[in-house]
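Quick caveat: nothing in here was measured; it's all calculated off a predicted structure.
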Protein chains: 2
Amino acid sequence: MNENSSIRAKSGTNQEGTSAHNRRVMIEALRLNGALSRADLARATQLTKQAVSNIIEDLERDGLVVALETVRKGRGQPSTPYRLVPEGAFAIGLQIDRHLTRAVVVDLVGSVLARAEANLPLDEPSEGVKVILGLIDGVRRELAGISSQSESRLVGLGVAMPGPFGLKNSDDKWMMPAWQKFPLLETLAAGTGLNVGLQNDAAACATAERIVGAAHGVDHAVCLYVGYGIAAGLILNGELYTGGNGNAGEIGRALLSPAGPGSTPLEHRASLASLYQHLGLDAADAHLYERMDALALAEDPKVMAWIKGAAHDLRWSVHLIETIFDPQTVILTSGAPETLARRLLEAMQPLLPSIADRPGRSLPRLQLGITDPWSIALGAAAEPISRAFDPRFSAILKTRAGGL
Amino acid sequence: MNENSSIRAKSGTNQEGTSAHNRRVMIEALRLNGALSRADLARATQLTKQAVSNIIEDLERDGLVVALETVRKGRGQPSTPYRLVPEGAFAIGLQIDRHLTRAVVVDLVGSVLARAEANLPLDEPSEGVKVILGLIDGVRRELAGISSQSESRLVGLGVAMPGPFGLKNSDDKWMMPAWQKFPLLETLAAGTGLNVGLQNDAAACATAERIVGAAHGVDHAVCLYVGYGIAAGLILNGELYTGGNGNAGEIGRALLSPAGPGSTPLEHRASLASLYQHLGLDAADAHLYERMDALALAEDPKVMAWIKGAAHDLRWSVHLIETIFDPQTVILTSGAPETLARRLLEAMQPLLPSIADRPGRSLPRLQLGITDPWSIALGAAAEPISRAFDPRFSAILKTRAGGL
DNA sequence: GCTATTAAGTCAATCCGCTTGACTTAATTA
DNA sequence: TAATTAAGTCAAGCGGATTGACTTAATAGC
């Protein structure tokens, strides 16, 4: 019976796929443009007025869009704009970091409705999972107080944690080895009854930028994330790209010079971990963020020295990213306080000359992204929303019946 | 009237899009699996037997597929396998290099039916275009002798030339500045009456590997191309990725170390140009290829020294590519003779440890691709074929009526 | 050797969702 | 007040996948 399972082919599609795509296209158009009339949507999506009308009627019935006041603009019948209903869908996002974990609830438009954080016992996943499930339960209850339909409109749980995933030698202290081995997704799926997705933290950052930040509506953007480690989140062709094994963009472990295995990974020089080390701070310190903020504001010499060194490496990373991906823009994000991130951005100027240094650019080569430390949890939560509502190739195709 | 043109949205789709996609899926399945029965196709594509039957009937009428002998395999009615008809479609590929140009005709399955080459006057595009049009006309006539329907089945002209494209300072001698400014595509479209597409040479290599080489059916592969320059062709999510401005993968100009603008681009060390320089060969020499082949076979010390140096840099490039893209495999291709390419591949072993060095790999981390010097022209020709017949997201969407 | 079983493939009706073209509604312009 | 313009609806039509019953042709088992 399995003799044919080796045939490689893409899935076909049918009218359901068509309809699903068109619904998603409407939602994306409303997300990107704020409020649009049916006629606007018809023009923008190339569909007929009638098709749009039917779809909008459906979406309105499903509580995903709502009509606004009619507006008169020149000759002709006034139009009725529609906008997304934030309460149309919710998702929970979970950030698992080395020393703490955060959970948030976001709605369809990416607003954070509830948040909670807790310390995480390092290297004890089975204990940690209890903490996490408690956290999730907390924000979920909070959501229930906000919306009566919260449960039925909860589309999933997105998890973000430091990558890379699935390596052979995962005893590297940078990599949370115990967590890599723990069956986290299965445990969380069982514990919450939700669909669970996983991204690394840079991908989560990129997802956050895409839904509410600088990558909103940009098809080719790379998000350079300076956190405890360093990595790039890739928006290619308007979608998050995660590579063959979910590890694309993990540049933290890239060797900077062609000097062989002995070189220092980028991560060991341009990351908050290296900053903590440079400042003699404890990564588990509960007031780490405030301390960094204060030091950055005070232009502490040690901090400024680190910024200078990190900016040097990061400038080179931006050059490399531009050369390799040819993105429309590079977004610098960080778990660090905004003051620090902004100084880092400034220290990176002027950027190295590169292929991106072309005439007629509409977006800056490098810009500052969200610096809120909750952005990773936000991006984690945005992933299920995006999966459920954004137009994607795979959303058109018929789903393989037999699992996966 | 143009007030609404600023609305950003993806196109919707309809039954035509569905049908177009399903046709493409059938063709891809036959390309990847050789010959399949309608029942096989139905299982592989998730469509019903009936839908597949209708589509196959269409494709057969259009001369794109043909039935083979029925085969008996166990119980049940014997199945009738179908395969692609090579003569179902043709495309012309054009490679424009610094000193020469090549044109080929390929068919639907990627076989080369005709080929021609000529020298190209450097920095004189208006003269060069005459040579090119003559070359194209030649292979086109040759094709007409092979197939009576050649003209109606000619899907387009694919052009491959060294990138990057559209830079500010295009007076770099590496970059064929005069050609960068010349309205090549428009001239060729007018001169041939064909649809014209452009890729850089590494992308063409990747396209060639995808249609007939090591990337056949692989969703995530990077093609490292060592030609006169060096660049990477990116197959991401089963499609060629070209970035925001068509320059993705142009790693030749990437600086190797974070030493700032003064560093040596990779291209100046690991490319055939550097080999020619190292050997004191003239890049315009008509017998360059044979000379290189002879030297490589004889294990000439100078060649071996260059190989050692280039391999050192390339090993690092592979590490970087693996770290950044997380591909299933990296394919080494080159305009150099196979002996040389193979020695280069061997000299790159052992590869640097990287994220790709994981258990349970099904494909090698690095493998040798097509070494035929005509592979770029082949890839150029494969692009229109792929555009016309491979399943792609954009092929499903309604096309914007008003051009582009 | 007969029968049951299995699988490929067809037939005809149905269904779903977009399209078409005429029509209604409601505003501005002249 | 009439002409024009644009938003949006109505109802019939159409294209293409689905459905389920049916036919055909092979092997497996008794």
Side-chain angles (χ1 to χ4, degrees), chain A residues 1-4 7 11-26 35-61 65 67-82 396-399 401, chain B residues 1-4 7 11-26 35-61 65 67-82 396-399 401:
Chain A
M1 183 86 85
N2 244 7
E3 59 180 320
N4 289 319
I7 298 178
S11 243
T13 184
N14 56 14
Q15 290 95 318
E16 272 178 64
T18 299
S19 156
H21 172 71
N22 289 345
R23 273 177 71 112
R24 284 165 183 259
V25 164
M26 298 294 152
L36 296 173
S37 68
R38 301 180 183 205
D40 287 336
L41 284 165
R43 276 187 297 267
T45 62
Q46 308 287 110
L47 292 172
T48 59
K49 286 184 295 182
Q50 192 52 243
V52 170
S53 254
N54 295 338
I55 295 167
I56 288 293
E57 200 179 331
D58 268 21
L59 291 174
E60 195 170 17
R61 186 154 17 81
V65 307
L68 303 177
E69 291 280 286
T70 61
V71 296
R72 289 170 300 190
K73 45 176 178 189
R75 212 175 259 196
Q77 176 171 328
S79 64
T80 310
Y82 287 79
I396 292 178
L397 311 184
K398 295 184 73 170
T399 50
Chain B
M1 184 86 86
N2 244 7
E3 59 179 320
N4 289 319
I7 298 178
S11 246
T13 185
N14 56 14
Q15 289 95 316
E16 272 179 62
T18 299
S19 159
H21 171 71
N22 289 345
R23 273 177 72 112
R24 285 166 182 259
V25 165
M26 299 293 152
L36 296 173
S37 68
R38 300 180 184 205
D40 287 336
L41 284 165
R43 275 187 297 266
T45 62
Q46 309 287 109
L47 292 172
T48 58
K49 286 184 296 184
Q50 191 52 241
V52 171
S53 254
N54 295 337
I55 294 166
I56 288 292
E57 201 179 330
D58 269 21
L59 291 174
E60 195 169 19
R61 185 155 14 82
V65 307
L68 302 177
E69 292 280 287
T70 60
V71 296
R72 289 171 300 189
K73 46 177 178 186
R75 214 174 258 196
Q77 176 172 328
S79 63
T80 311
Y82 288 78
I396 293 178
L397 311 183
K398 296 185 73 170
T399 50

Minimum side-chain heavy-atom gap A:His21-B:Ile396 below 4.5 Å: no
Axis-to-axis angle between the two ends of the helix from C:dG1-D:dC30 to C:dA30-D:dT1 (five base pairs per end, rounded to 10 degrees): 0°
Should the heavy atoms of other residues, nucleotides or ligands under 6.0 Å from CD of A:Glu60 be counted, would the total exceed 12? yes
Of all heavy-atom pairs linking A:Ala35 and A:Leu68, the shortest is CB-CD1, 3.8 Å
Between C1' of C:dA7 and CG of B:Leu36, the distance in whole Å: 16 Å
May I ask you to evaluate whether B:Ser19 reaches the phosphate of D:dG15, defined as a side-chain N or O under 4.0 Å from OP1 or OP2? no
Counting only side-chain nitrogens and oxygens, does A:Thr18 get under 4.0 Å of the OP1 or OP2 atom of C:dG17? no
Atom pair distance, as rounded to whole Å: CD in A:Glu16 and P in D:dG16: 18 Å
Reference residue B:Arg38; test side-chain contact (heavy atoms from CB on, under 4.5 Å); the match among B:Ser79, B:Ser53, B:Pro81: B:Ser53
Specify the separation, in whole Å, of atom OH of B:Tyr82 and atom P of C:dG9. 7 Å
Spacing of B:Glu57 atom CD relative to C:dG9 atom P, expressed in whole Å: 13 Å
Protein-proximity profile, nucleotides 19-29 of chain C, B/S/- by nucleotide at the 4.0 Å heavy-atom cutoff, equals BB----BBBBS
Between C:dA8 (P) and B:Leu68 (CG): distance, integer Å: 16 Å
So does A:Arg38 get a side-chain nitrogen or oxygen closer than 4.0 Å to the phosphate oxygens (OP1/OP2) of D:dA6? no
For A:Thr13 and A:Thr18, work out which heavy atoms get closest and say how close. OG1-N, 4.3 Å
Rounded to the nearest Å, what distance is computed from the CD1 atom of residue A:Ile56 to the C1' atom of nucleotide D:dT9? 15 Å
I need the CZ-C1' distance between B:Arg23 and D:dA17, as an integer number of Å. 16 Å
Of all heavy-atom pairs between B:Val52 and B:Ala42, which one has the smallest distance, and what is that distance? CG2-CA, 3.6 Å
Can you tell me if the side-chain N/O atoms of A:Thr80 get under 4.0 Å from OP1 or OP2 in D:dA7? no
C:dA7 phosphate, OP1 or OP2: any side-chain N/O from B:Arg43 under 4.0 angstrom? no
Decide whether A:Ser37 and A:Asp40 meet the rule of one side-chain donor and one side-chain acceptor closer than 3.5 Å. yes
Out of A:Asp58, A:Leu47, A:Val65, which one pairs with A:Met26 under the side-chain contact (heavy atoms from CB on, under 4.5 Å) rule? A:Leu47
Smallest separation among heavy atoms of A:Gln46 and B:Thr399, with atom names: NE2-O, 3.1 Å
B:Ile396 has an atom CD1; how far is it from atom P of D:dG16, in whole Å? 15 Å
